[in-house]
Trainee: 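Here it is, the structure in full.
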Amino acid sequence: MKKFLWSLLLACIAFNAKATHIVGGEIYYDYLGNNNYQVTLKVYRDCINGQAPYDNPAYVGVFDQAGNLLQTLSLPFPGSTQIPVNMNNPCYLPPSNVCVEEAIYTGMVNLPPIPGGYYLTYQRCCRNQTILNLNNPLNVGSTYVCHIPDPSLAVGNSSPRFINLPPLFLCNNVPFIFDHSAIDPDGDSLVYHICDPYDGASSSNPQPNPPSGPPYFPVPWLSPYNTNYPISSNPAFAINYQSGMLTGTPNQIGNWVFCICVEEWRNGQLLDEDRRDYQLNVMNCPNATVTSIPSQTTFCFGYTVNFLNNSVNANTYHWDFGDPNSAADTSNAQYPTWTYSDSGTYNVMLICNPGLPCADTGYTTFYIYPQLAPSFNPPPGQCITSNSFNFTAGGAFMGNGTFNWNFTLAATPSTSTQQNPTNIVFNSTGWHPVTLTVSENNCTASYTDSVYVYPPPQALFNATPQAACPPLQVNFQDASVFGNATAIYSWDFGDGSYSNLPNPSHIYIQPGSYTVTLTLITTNGCVDTVVYSLPNLITVYPVPTALYSADPLVTSIFNPDVTFTDLSSNNTSCVLYFGDGDSSSNCSAVHTYQQYGIYHSYQVVENSYGCKARYNIDIEIKPEFRFFIPNAFTPTGNGLNDVFMPKIMGVRDYHFMIFDRWGQLFFETDDINTGWDGTFKGNKCQEDVYVWKITCVDLPEQMDHTYVGHVTLIR
């Protein structure tokens, strides 16, 4: 506690040494009848050092809408009263050596109605040099202004005025909740927001007579502070636009300037705006018990509330939910839940550390309404040519508010305020969003869904390819337009074939031109039968005739010549393939086969459309078995009779061997085209008689053969 009191004393000394200037003010008026108004000016100043005495008199300028000075009111000094030094935490005593005074000036003025109304303005300089959220605060003045509305909006209006004065001191890092609401003598609707304090006057002319006319300019904020973030805090300071409840948690000690504006509305028209310019002072309050019930942020959610609790330095709690229909509407839980018996406005109380010397009590108001969740079932889709939609608002709502339907500009009418609008006509096809907004009990909720408008059906298709040789496969792609409707397809391909598929494929065989027709039948939406036909869409080219003869079809390798005779027709080119790798562009030809076997000859013909045809004939060349071998050879190297080998054909599994007279193997081979050159291991063999042996299988009869004989080597 000693440590805390010492910190508090230092803060107060710093405040008193420098805070010697204007710390806030406001101006408002009351209509007295016969165009007479009572003007009230409230000015607050630091009264410790007295460097900024109250004006005597205070000059209030009366201006028209264009900023022209019409007259100057001289309000005599009424004396001042000291404001009780209070703070937002009852567990700590505020500094005793702090002095803030309030002077309430009043005066009478007669102001006949004029277009645009009047502005009443008071200006004074300067502010405290210790202010943290302004640039060069010692040279920043103040402007307090209010507006008497244009007679077309209101005649004989009285402006709103604030009820409570904020505490002079706030505890750092402690949630701040303050009722900054106002009252209006005329009962007009009031809307609150945080706004800019106005600069005004100067250190060289601190008491202007007269004050300057509108427009007025905001104070020079020191970054990062601005209109929406005037005080270092987390969460940021905010005000409920309906209730005027000001909340926030300051997180830096020092002096701060802020301004609250209250707007006065009547019949949807803004009449006036009253503003209070004030200085808040933040100081350390360690370990203070502070009750904090977060303000209600959602409305029309039903009857069950899960209460939040942002209180600090508390161990025990006592809640009173303010439900007059239940004697059990209390709880000692930190985060209680309560279900109200009916809709209404309820005052909720929370006591932190109840029964202890430094308990703290907080209050807040909850507005309980049934859940607001509008909806509707979109009607089924309709055809564009005769659409007329009816809508019925559904979902959860009480029905005591307003209904607003938005059908977009594509509809006639485009909006409606009826609960269940009828005969809504759309002028374009496709999906159209429809939004229902219900407003009741200061709550607004919306629901969006879509309706569909069908286009008139249109049969259409594409086909690829459209002209080629047979067989021609054509893929048809449906391009019909009928929206989300259900359709039945009926295709007529023109060659006696049909299909019910959306994207069929069809093969054309016979040459000719074919007309393709698609019949489309829609069974819902815009119900209709439409036909799309493309005459002579498909062309199938004629095919040439491939034909030839071969003679003989079967022959011997001893007579391998075959005569081919071209018999093709309706072609522009012809190629004959003999089956042995050779071909000829002359389809009438004689071809000699070099080997026995079966050859698959074929003819390919092509016409001027590029269409081709093929015809084939198999040719068989039979093998023949022949064997001859000499009885001598002369390997002298003169190129004549240098190699000993048989003349053999029409065999398989051939094996040829040479022996000397003692049975030694001198040579062997399996190649019928390889013979003995009269050497052994690279040396020339001597003249002598040698033995040869040949084994093989003949191809015509598939019989085994063994031949043995003698050969004479002569050099």
Trainee: Mark yes when over 12 heavy atoms from residues, nucleotides or ligands other than Asn110 sit less than 6.0 Å from its CG; otherwise mark no.
Mentor: yes
Trainee: Do side-chain atoms of Glu440 reach the backbone of Gly399 as a donor and acceptor pair under 3.5 angstrom?
Mentor: yes
Trainee: Quick one: does any side-chain atom of Arg266 pair with a main-chain N or O of Gly187 as donor and acceptor, under 3.5 Å?
Mentor: no
Trainee: So, the side chain of Asp150 versus the backbone of Ser152: is there a donor-acceptor pair under 3.5 Å, distance only?
Mentor: yes
Trainee: Looking at Asn400, I want to see if its CG is surrounded by more than 12 non-hydrogen atoms of other residues, nucleotides or ligands under 6.0 Å.
Mentor: yes
Trainee: Any donor-acceptor pair under 3.5 Å linking the side-chain atoms of Asn313 with those of Thr289?
Mentor: no
Trainee: Can any side-chain N or O of Arg127 pair as donor or acceptor with the backbone N or O of Gly141 at less than 3.5 Å?
Mentor: yes
Trainee: Closer than 4.0 angstrom, basic N to acidic O: yes or no for Asp277 and Arg124?
Mentor: no
Trainee: Do you see a donor-acceptor pair shorter than 3.5 Å between the side chains of Glu264 and Ser159?
Mentor: no
Trainee: Are Asn325 and Tyr340 close enough that a side-chain donor and a side-chain acceptor fall under 3.5 Å?
Mentor: no
Trainee: How far apart are the C-alpha atoms of Leu138 and Ser203, what are their side-chain angles, what is the distance that settles it, and do they pass the side-chain contact (heavy atoms from CB on, under 4.5 Å) test?
Mentor: CA-CA 8 Å; Leu138 191 59; Ser203 56; over 6 Å; no
Trainee: Check for a donor-acceptor pair, side chain of Asn251 on one end and backbone N or O of Ser233 on the other, with a separation under 3.5 Å.
Mentor: yes
Trainee: Side chains of Glu26 and Tyr144: is there a donor and an acceptor less than 3.5 Å apart?
Mentor: no
Trainee: Can you list the residues that meet the side chain to side chain donor-acceptor pair (under 3.5 Å) rule with Thr415, with sequence neighbours excluded?
Mentor: none
Trainee: Taking the six-membered ring for Trp, are Tyr447 and Phe376 closer than 6.0 Å centroid to centroid?
Mentor: yes
Trainee: Tell me yes or no: between the side chains of Glu273 and His193, is some donor less than 3.5 Å from an acceptor?
Mentor: yes
Trainee: Pick one: which of Asn133, Asp196, Asn135 meets side chain to side chain donor-acceptor pair (under 3.5 Å) with Trp221?
Mentor: Asp196
Trainee: I'd like to know if the side chain of Gln279 pairs up with that of Asn281 as donor and acceptor (distance under 3.5 Å, no hydrogens or angles considered).
Mentor: yes
Trainee: Given Arg161, which partner from the list Asp30, Asp184, Asp272 fulfils the salt bridge (charged side-chain N to carboxylate O under 4.0 Å, His left out) test?
Mentor: Asp30
Trainee: Is the Tyr31 to Tyr37 ring centre distance short of 6.0 Å?
Mentor: yes
Trainee: Output yes when a side-chain donor or acceptor of Asp186 lies under 3.5 Å from a complementary backbone atom of Ser158, and no otherwise.
Mentor: yes
Trainee: Please check if the distance between the ring centroids of Tyr44 and Tyr278 is under 6.0 Å.
Mentor: yes
Trainee: For Tyr229, which residues count as a ring-ring contact (aromatic ring centres under 6.0 Å, His included) partner, sequence neighbours excluded?
Mentor: Tyr225
Trainee: Cut-off 3.5 Å, side chains only: do Thr130 and Asn128 have a donor facing an acceptor?
Mentor: no
